[in-house]
Amino acid sequence: MYEEAREKVAAFVGGAPSNTIFFRGTTEAVNTTASSLSKSLLKRGDEILVSIAEHHSNFLPWRALGKQGIRTRVVKLNSDYEVDYDALSGSITKNTRVIALTHSSNVLGTRNNIKAVSRIAHDHGALLFVDGAQSVPHMKTDIKSLGADFLAFSGHKMLAPSGTGAMVMSDAAAEIMKNAEPFQYGGGMIKSVSLKREEFAGLPSRFEAGTMNIEGTIAMGNAVDYLNRIGMENVEEHEAKLSRRMLSLIKDNDNVELYGPVSSKNKLPLVSFNIRGVHSHDTAALLDQRGVAVRAGHHCAQPLMDYLGIKSSARASAYIYNDYEDLDVLMESIDYAIRKIGRKNG
Ligand code: PLP
């Protein structure tokens, strides 16, 4: 059943099961890839390019390679809040070995044009690592047409249990990883061990040391079945409607400061905002009183928060189980928070 889950999860993003490794989530996939590449492929003086909108999970594991003399350089965003493709092109050098980029920002909801970035990366002989944590659950994804070498995503953002996730690789990336230094050592990831030497297994076992989250991973396969039954085209269509509606309801509210594009084109049904003069945690607490759950804080993207000139924001996001009525309740709860704080301050 575990291997069946691998077939399902690989097929979900158009990949091969043999190129698909299970992880605890996106974070573990990035850490594994960064660490293994640094010991097998990268050398002092090499560079990694990331965007300023990366979740800490797709920033810190790369930046940690600085200790080995591998530098991480950060590219800013364009006026549509996508990575600045010209700046990315301009920043790539003969030393750039990896571009590590989020497909969709967890703060802004914007979607980067991965195909375009893939061309930039591959024209320069760099590998493209895509953080698909916020895209794979929301859109039909095909690793080949994206042109990604590594595509990592988390089960718990696509209706599977926490502690599940996967990384699917292109054949070229798998060719590198099949001989790369493992990230963790232990049971299940070897061919043979003697007192003098060990031989590690190939893919995917090489990177699945120890007892894996077997039941969680099988459940991730079931989540994929469920999403396939709904149809990812239908998920996308539903979310596009929610995104349009969400922005149209919130964008003209003078008491609300919105971050990111006000156009719903190419954007997840997600808004990051602050009620003017109110801390995001207070906003979240007030919305909670109306039964509305938003996330508040820096969203594990502090460099992006600095770039936006804020410390934190509230973020409301919708998925397949939400509808227009939920968005009305969200807006009512924001008005409630504005009234409440207004009364308290007045
Ligand atoms: N990348 C993005 C864009 C995310 O939104 C998240 C989680 O919020 C992660 C990476 C990390 O995922 P996980 O905590 O499942 O490893």
Side-chain angles (χ1 to χ4, degrees), residues 9 12-13 21-35 48 50-64 72 74-75 77 81-83 98-114 117 128-139 141 146 148 150-168 183-184 207-208 212-213 216-217 219-220 223-224 239 259-260 266-272 280 284 293-305 307-308 312-319:
V9 170
F12 191 60
V13 296
I21 307 170
F22 285 125
F23 288 109
R24 221 157 34 88
T26 305
T27 306
E28 197 175 45
V30 188
N31 276 281
T32 300
T33 308
S35 166
I48 315 290
V50 300
S51 87
I52 191 123
E54 298 312 308
H55 188 283
H56 297 163
S57 292
N58 196 31
F59 176 52
L60 297 177
W62 301 109
R63 199 169 63 176
T72 295
V74 180
V75 180
L77 307 183
Y81 294 88
E82 293 170 33
V83 68
V98 180
I99 297 180
L101 189 68
T102 192
H103 195 173
S104 259
S105 158
N106 63 314
V107 177
L108 304 168
T110 42
R111 201 171 283 159
N112 286 317
N113 183 342
I114 296 296
V117 175
L128 175 59
F129 185 102
V130 175
D131 171 351
Q134 296 287 351
S135 61
V136 170
H138 302 282
M139 61 187 286
T141 307
L146 282 179
F150 302 89
L151 175 67
F153 46 101
S154 300
H156 74 98
K157 295 185 194 296
M158 45 188 282
L159 311 173
S162 302
T164 61
M167 180 170 77
V168 179
F183 183 52
Q184 297 188 64
F207 294 99
E208 292 183 358
M212 296 293 287
N213 183 353
T217 302
M220 187 173 174
V224 160
E239 291 198 2
Y259 310 107
N266 216 14
K267 184 168 164 31
L268 292 173
L270 170 167
V271 282
S272 274
S280 64
V294 295
R295 178 152 173 202
H298 53 62
H299 311 293
C300 303
Q302 284 186 342
L304 178 60
M305 294 282 122
Y307 182 71
L308 296 171
S312 75
S313 71
R315 184 196 64 189
S317 60
Y319 196 31

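What you see is a predicted model; the values in this text were computed from it and never measured. Numbers here are sequence positions counted from 1. All ligand and atom numbering here is 1-based and tracks the order in the structure.
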Does F22 offer a backbone N or O that forms a donor-acceptor pair with the side chain of E208 under 3.5 Å? yes
In short, M158 meets A223 closest at the heavy-atom pair O-CB, 3.4 Å
Applying side chain to side chain contact (heavy atoms under 4.5 Å, CB included), run through L304 and S105 and close with a yes or a no. CA-CA 10 Å; L304 178 60; S105 158; 4.2 Å; yes
For ligand 1, would you mind listing the residues that have at least one heavy atom less than 4.0 Å away, ordered by chain and number? G25, T26, T27, H55, S57, T102, N106, D131, A133, Q134, S154, H156, K157
Please check if any side-chain donor atom of H299 sits under 3.5 Å from a side-chain acceptor atom of S313, or the reverse. yes
Between H103 and H138, is the gap from one ring center to the other below 6.0 Å? no
Going through the checks in order, is the side chain to side chain contact (heavy atoms under 4.5 Å, CB included) test met by Q134 and R111? CA-CA 9 Å; Q134 296 287 351; R111 201 171 283 159; over 6 Å; no
